[in-house]
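Worksheet for the structure shown next.
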Amino acid sequence: MSSSAPSRPAAATAEWWRQAVVYQIYPRSFADSNGDGLGDLPGILSRVDYLAGLGVDAVWLSPFYPSALADGGYDVADYRDVDPRLGTLADFDALTQALHARGIKVVVDIVPNHTSDLHVWFQEALQAGRGSAARERYIFREGRGEDGSEPPTDWVSTFGGPAWERVADGQWYFHHFAREQPDLNWDNREVHEEFLTTLRFWADRGVDGFRIDVAHLLTKDLSEPLPSKAELSAMPIDGRHPLFDRDEVQEIYAEWRALFNEYDPPRTAVAEAWVHPDRVPRYAHPDSLGQAFNFDLLLADFDADMFRQVIDHNLDLASRSGSSTTWVLSNHDVVRHATRYGLPPVGTLADAAERVDGEPEERAGAAWLLSRGASPELDREGGICRARAATLLLLGLPGSAYLYQGEELGLHEVAEIADDQRQDPTFFRTEGAEIGRDGCRVPLPWTAEGPSLGFGSAAPHLPQPAWFAASAVEVESDDPASTLTLYRQALHLRRELQCGEELAWEQTGRDDVLSFRRPNGWRVVTNFGTQPYPLPAGEVLIASGPVGNGILPAQTTVWLAPQAS
Ligand code: GLC
């Protein structure tokens with residue numbers, strides 16, 4: 001595949017995803033059309049012109065399937081339907097059509113590691129009892145102790161608390177996440193067939209791509225004797241670990257790839273795989289899912305050295321897999337980047353990487369990303385300034401950019417949610433020790449007034465703080481200095497400027513200033529420091545803060561136009 005093809009023509013081809021800007025919608029918190037406090041598909045439909053005006057290439061919809069919301073929709077009760085509170089399949093078709101009419105692709109979320117406990121399969125498993133074919137679709141075991149009343153192992157779930165739950169007849173089932181999310185048994189052929197049917201169902205409806213939830217967890221080696229938690233933690237994650245990133249998970253994705261390639265253009269997929277960076281190319285390879293999230297920037301401070309390491313490393317990984325890289329600063333699982341950058345730096349990248357490198361308690365340790373919203377040390381203005389600079393740098397990089405709803409408004413994490421209004425199972429399963437992810441899932445403010453700031457006509461399912469009003473779409477739309485204006489302008493310019501998937505670093509003479517040039521001469525310069533930097537020569541196309549008088553201010557990014565040679 002050519003890496004020097006310009007992205008605009010590519011947008012109409014099978015390669016559209018390589019440098020796409022993908023906007024993540026968390027449907028329950030985007031727009032509420034029927035006044036029940038929950039966002040829905042008709043709500044999104046009513047905002048497609050907003051998405052087109054923003055200039056995104058694709059929309060990724062977090063789960064909108066029937067769900068009891070034990071984990072914000074990642075507990076799916078039926079993979080081939082729409083939650084009645086969010087609409088109907090006809091609404092989904094209308095939304096897909098409206099997005100396609102505006103040249104926007106549609107990506108849906110597939111959650112294959114676990115179902116909801118309300119899924120018909122799990123209900124059948126409960127009814128059918130020990131040794132049944134229905135239980136074989138999940139991971140059931142006998143307990144320990146004389147009466148089997150102790151869980152099969154002392155493993156801890158990612159959300160805290162035990163990873164096993166006992167059912168009425170005394171057996172236990174395994175769940176990586178909440179107890180309402182029983183893990184599927186991917187040794188069972190029926191499970192494979194079921195997901196192939198689901199992928200085909202959505203691909204046939206015109207879906208362009210899939211985001212694969214916890215893609216590294218599906219296959220397990222649960223042969224007896226099961227290791228203890230301590231033994232599990234001591235095992236290397238090298239493709240043979242019993243629970244994480246096993247080599248044979250790729251066999252599943254090879255099957256899926258064959259299905260994706262039956263379509264024209266082939267359907268795309270992106271893996272959410274929290275694995276060692278060196279193993280990311282397995283998921284991103286064209287014979288596998290084709291692309292994988294790069295979460296490294298979630299772990300980096302606003303720091304030139306860390307950004308450069310992350311960028312170099314991920315461009316190298318992409319060249320190893322043949323995929324393009326992906327950039328992410330915010331999503332529905334982490335504290336919004338305006339807030340992260342408004343808090344004191346975390347430390348080194350290596351420290352941060354260790355915290356998410358595999359074992360349940362360490363993955364849960366990624367909760368450091370989740371629990372930092374409430375700090376009194378938050379520098380709100382500084383956080384937004386650094387977030388704008390980081391975003392403008394990210395949008396100048398080769399590869400695709402994944403944006404999360406609300407970051408275009410410069411929204412901060414909402415820390416002030418009362419305990420009795422929280423929804424995230426992380427909060428409950430850790431008995432409040434981790435505040436969880438609700439703070440980045442608060443419904444968007446569209447207007448400065450109204451019962452839910454234009455989100456809908458009723459109180460939203462998570463409360464919006466008063467300060468959201470100042471960041472409403474309506475308010476920011478008219479403000480040339482707003483973060484929304486910055487995103488709109490940057491995304492439109494990016495379309496014109498996008499070029500081959502390379503960059504060349506330039507000398508800046510300062511450790512805290514990064515500068516790179518793209519193949520067409522487009523230059524991106526970020527001053528991470530606290531002192532101004534002389535603005536390099538060239539036409540300023542856009543900047544994340546006020547540039548002028550030959551100065552690139554502290555904590556600011558600028559794009560410089562390709563120069564005529
Ligand atoms: C992924 C999702 C997260 C969810 C978890 C379990 O990490 O992004 O929101 O809680 O998987 O499905």
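Numbering of ligands and ligand atoms starts at 1, following listing order.
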Query - From the candidates V214, D71, D109, the one that places a heavy atom nearest atom 6 (C) of ligand 1 - result: D71

**Report entry** Proximal ligand 1 atoms for R437, defined as those under 4.0 Å from one of its heavy atoms
**Finding:** 3 (C), 4 (C), 9 (O), 10 (O)

Report task. Determine whether the side chain, the backbone, both or neither of H175 has a heavy atom under 4.0 Å from any heavy atom of ligand 1. Result -> neither

Report task. Examine Y65 together with W202 and report whether their ring centres are nearer than 6.0 Å. Result -> yes

Query raised in the report: Can W60 and D109 be counted as having a side-chain donor-acceptor contact under 3.5 angstrom?
Result: yes

Requested in this report: Pull out every atom of ligand 1 sitting under 4.0 Å from any heavy atom of R441, numbered as shown with elements.
Outcome: 9 (O)

Requested in this report: Examine the proximity of ligand 1 to F159 and report which part, side chain or backbone, both or neither, has a heavy atom under 4.0 Å away.
Outcome: side chain

Query raised in the report: Mind checking whether W446 and Y50 have ring centres under 6.0 Å apart?
Result: yes

Query - Nearest candidate to atom 1 (C) of ligand 1, where distance is taken over non-hydrogen atoms, out of V334, D213, L217 - result: D213

Query raised in the report: Does the ring center of Y173 lie less than 6.0 Å from the ring center of F122?
Result: yes

Report summary line: Output for pair (R47 CZ, I25 CD1), nearest 0.5 Å, gives 11.0 Å

**Report entry** ligand 1-proximal atoms of H114, by part, heavy-atom distance under 4.0 Å
**Finding:** side chain

Requested in this report: Can you label the angle between the F244 ring and the H241 ring as parallel, tilted or perpendicular, going by 30° and 60°?
Outcome: tilted

